[in-house]
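This report refers to the structure that appears directly beneath it.
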Amino acid sequence: MNPIRQNARVLTAALTGTAVEFYDFYVFATATALVFGALFFPASSPEAQGVQAFMVFGIAFLARPIGAVAFGHFGDRVGRKATLVASLLLMGGSTLLVAFLPGYASAGFVAPLLLCLLRFGQGFGLGGEWGGAALLAVENAPKGWESRFGAAPQLGAPVGFLAANGLFLVLGMNLSDADFLSWGWRVPFLASIVLVAIGLWVRLNLSETPAFREALAHRPPPAVPLGTLLRHHWGAVLAGSAGVVACFALFYLSTAFALDLGTRQLGYGREQFLLLQLGANFFLALGIVLAATLADRFGAARVLLVGALCTIVVGLLFGPGLQSGSAQAVFATLSLALFTMGFVYGPLGGWLAGLYPVEVRYSGVSVAFNAGGILGGAVTPLLAKQMTNIGMGGSIGLLLSAAGILTFVGVSLARSAR
């Protein structure tokens with residue numbers, strides 16, 4: 001039997017959880033770009049409100065490594081399955097509660113404070129999600145299928161993005177601006193409960209991974225997995241963190257930041273730009289599948305290095321492409337960036353899992369992935385936002401080039417760091 005069919009439930013569980021992750025994150029990202037500045041912060045310039053909103057957006061990336069440590073501890077000691085269920089519940093619950101938050105006009109400073117708190121909860125839960133989902137897939141993979149199985153969580157990214165982007169697009173096309181600002185933006189947060197319920201149903205029917213069961217049969221888990229990880233594998237943690245920066249930078253500059261720039265400064269309509277991003281999202285899925293297939297043939301590290309080099313080149317084209325004034329050029333730019341992201345994201349599950357032994361693998365993968373996300377997913381969009389505010393929009397792609405260089409260095413050094 002085909003290995004994918006044989007492990008369909010496991011791969012579905014890995015994909016569904018990451019689809020929830022990216023849905024939740026991109027729902028928040030889209031609302032950040034479109035409404036959070038005006039709703040949750042004092043009246044001031046749109047630029048200042050936008051920066052404040054993106055600062056709240058970045059909180060989750062600070063919370064993710066903390067969640068990675070916490071969930072990594074239990075993932076390495078208790079098991080992958082139970083930890084993944086807990087991370088999904090925290091992540092989904094935090095997202096759902098955003099739908100019920102009051103705005104600044106009615107609650108004052110309490111409104112942004114609650115938004116920050118739920119954003120932290122979302123990020124904390126997400127800290128244990130991707131690493132566990134990747135291991136669920138990779139540790140069930142037959143030999144030679146590690147990257148293709150490990151790409152299942154990555155395919156959750158375009159699925160979650162499609163659901164979030166598509167729902168915002170439908171709402172924007174059918175609601176007035178006043179209705180969208182008043183209550184329409186809350187609907188995608190409420191709808192997250194559907195994906196969470198599906199994810200829980202699939203995960204609660206899984207068994208533990210063979211690799212974890214085998215490791216437990218030979219020796220008890222370390223008392224403090226993080227301590228063991230940092231004592232014996234700190235080089236792999238640093239290399240792994242650097243290796244994931246490019247995928248975060250490409251995604252959040254091409255989605256949340258680009259949407260903010262396109263609708264606020266470049267004159268594109270909200271629905272028009274969402275539609276451009278929706279089309280470009282299919283190139284992300286294509287890139288992930290192609291990169292994972294090549295990674296099982298030529299090695300994950302080689303494919304990631306190619307992706308990092310392409311990221312450097314994309315960075316030189318990104319700013320001028322977005323600022324071109326042509327919707328066709330914007331679509332081509334976003335499609336190229338997200339296709340390239342597939343090459344620095346698709347093989348990550350198999351590559352990162354291979355850097356760490358089983359007994360500290362959940363902690364290692366989660367910490368590296370989420371530590372790199374601070375620089376790529378929080379700092380990069382915030383710097384890009386500030387650059388456009390001072391008239392340097394044409395140079396924002398240099399941030400992508402820098403991320404590509406960092407990923408290239410991390411992947412290159414990873415082999416000697418283990």
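Note that the structure is predicted; figures quoted are calculated from it, not measured.
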CG (L204) with more than 12 external heavy atoms under 6.0 Å:
yes

Distance col, row L276:CG vs L259:CG, nearest 0.5 angstrom, shows 10.5 Å

Any side-chain heavy atom of W351 within less than 4.5 Å of one from L355?
yes

Work out which heavy atom in L200 is nearest to a heavy atom in V85; give both atom names and the distance.
CD2-CG1, 3.8 Å

Hey, does the side chain of S324 reach the backbone of G321 with a donor-acceptor pair shorter than 3.5 angstrom?
yes

How far apart are the closest heavy atoms of P347 and V303, and which atoms are they?
CG-CG1, 3.7 Å

Whether E129 side chain and G125 backbone form a donor-acceptor pair below 3.5 Å:
no

Taking the six-membered ring of Y362 as reference, does the NZ or CZ atom of R80 fall below 6.0 Å from its centre and within a 45° cone about the axis?
no

Y345 OH to T340 OG1 distance, which is reported to the nearest 0.5 Å:
15.5 Å

Short side-chain to backbone donor-acceptor contact, S147 and A292, under 3.5 Å
no

Would you check if Q122 and V98 make a side-chain contact, meaning some heavy-atom pair closer than 4.5 Å?
no

Any side-chain heavy atom of E359 within less than 4.5 Å of one from P221?
no

Derivation of the side-chain contact (heavy atoms from CB on, under 4.5 Å) call for C247 and L348
CA-CA 9 Å; C247 80; L348 272 185; 3.8 Å; yes

Distance-only, no hydrogens or angles: does the N281 side chain make a donor-acceptor pair with backbone N or O of P158 under 3.5 Å?
yes

Please report the shortest heavy-atom distance between A368 and V244, naming the atom on each side.
O-CG2, 3.8 Å

Sub-4.5 Å side-chain heavy-atom contact between L304 and T407:
no

Do Y104 and V110 have side chains that get closer than 4.5 Å, going by heavy atoms?
no

Could you check whether F161 and Y26 have their ring centres less than 6.0 Å apart?
yes

On a heavy-atom basis, the closest approach of Q277 and L334 is CG-CD1, 3.9 Å

Inter-residue atom distance T311.OG1 - L316.CG, 0.5 Å rounding
11.0 Å

Centre-to-centre under 6.0 Å for W185 and F168, is that the case here?
no

Please name the pair of heavy atoms, one in G377 and one in Y252, separated by the smallest distance, quoted to 0.1 Å.
CA-CD1, 3.9 Å

Just do the side-chain contact (heavy atoms from CB on, under 4.5 Å) check on F71 and L126 with the steps written out, would you?
CA-CA 9 Å; F71 285 106; L126 286 168; over 6 Å; no

Could you tell me if the ring centre of Y268 sits under 6.0 Å from that of F273?
yes

Could you tell me whether the side chain of T388 reaches within less than 4.5 Å of the side chain of F257, counting heavy atoms only?
yes

Is atom CZ of R302 surrounded by more than 12 heavy atoms (other residues, nucleotides or ligands) closer than 6.0 Å?
no

Positive for side chain to side chain contact (heavy atoms under 4.5 Å, CB included) with S241, one of V237, V245, L238:
V237

Looking at R77 and P225, what are the two nearest heavy atoms and their distance?
CG-CG, 3.9 Å

Between E146 (side chain) and G144 (backbone), is there a donor-acceptor pair under 3.5 Å?
yes

Centroid-to-centroid, F41 to F36, below 6.0 Å?
no

What's the spacing between S401 OG and L309 CG if we round to 0.5 Å?
11.0 Å

Between S192 and P188 (side chain of the first, backbone of the second, donor and acceptor by atom type, cut-off under 3.5 Å), is there such a pair?
no

Gap between atom CZ of R213 and atom NE2 of H218 - 0.5 Å precision:
13.5 Å

Taking atom OH of Y23 and atom CG of L195, what is their separation to the nearest 0.5 Å?
6.5 Å

With sequence neighbours excluded, what pairs up with R186 under the salt bridge (charged side-chain N to carboxylate O under 4.0 Å, His left out) test?
none

Residue that, paired with L155, satisfies side chain to side chain contact (heavy atoms under 4.5 Å, CB included) out of I288, L11, L284
I288

A side-chain contact here means heavy atoms from C-beta on lying under 4.5 Å apart; do V69 and S363 qualify?
no

Is it the case that the ring center of F369 lies less than 6.0 angstrom away from the ring center of F248?
yes

Verdict with supporting geometry, D76 and R361, salt bridge (Lys or Arg N to Asp or Glu O under 4.0 Å):
CA-CA 7 Å; D76 284 325; R361 187 175 286 165; over 6 Å; no

Check whether D260 reaches the backbone of A256 with its side chain - one donor and one acceptor, N or O, closer than 3.5 Å.
no

I'd like to know if the side chain of T18 reaches the main chain of G156, judged simply by a donor and an acceptor atom lying under 3.5 Å from each other, with no hydrogens or angles considered.
no

Side-chain donor-acceptor pairs under 3.5 Å in residues 50-66, sequence neighbours left out?
unit_1 : atom_1 : unit_2 : atom_2 : d
R64    : NE     : N370   : OD1    : 2.6
R64    : NH2    : E21    : OE2    : 3.1
R64    : NH2    : N370   : OD1    : 3.3

A quick test of your reading: do over 12 heavy atoms of other residues, nucleotides or ligands sit less than 6.0 Å from CZ of F74?
no

With a 4.5 Å limit on heavy-atom distance, are the side chains of F408 and V306 in contact?
no

Determine, stepwise, if the pair L322 / I396 fulfils side-chain contact (heavy atoms from CB on, under 4.5 Å).
CA-CA 10 Å; L322 288 185; I396 54 175; 4.2 Å; yes

side-chain contact (heavy atoms from CB on, under 4.5 Å) for S254 and M341? Distances and angles first, verdict last.
CA-CA 10 Å; S254 300; M341 181 193 163; over 6 Å; no

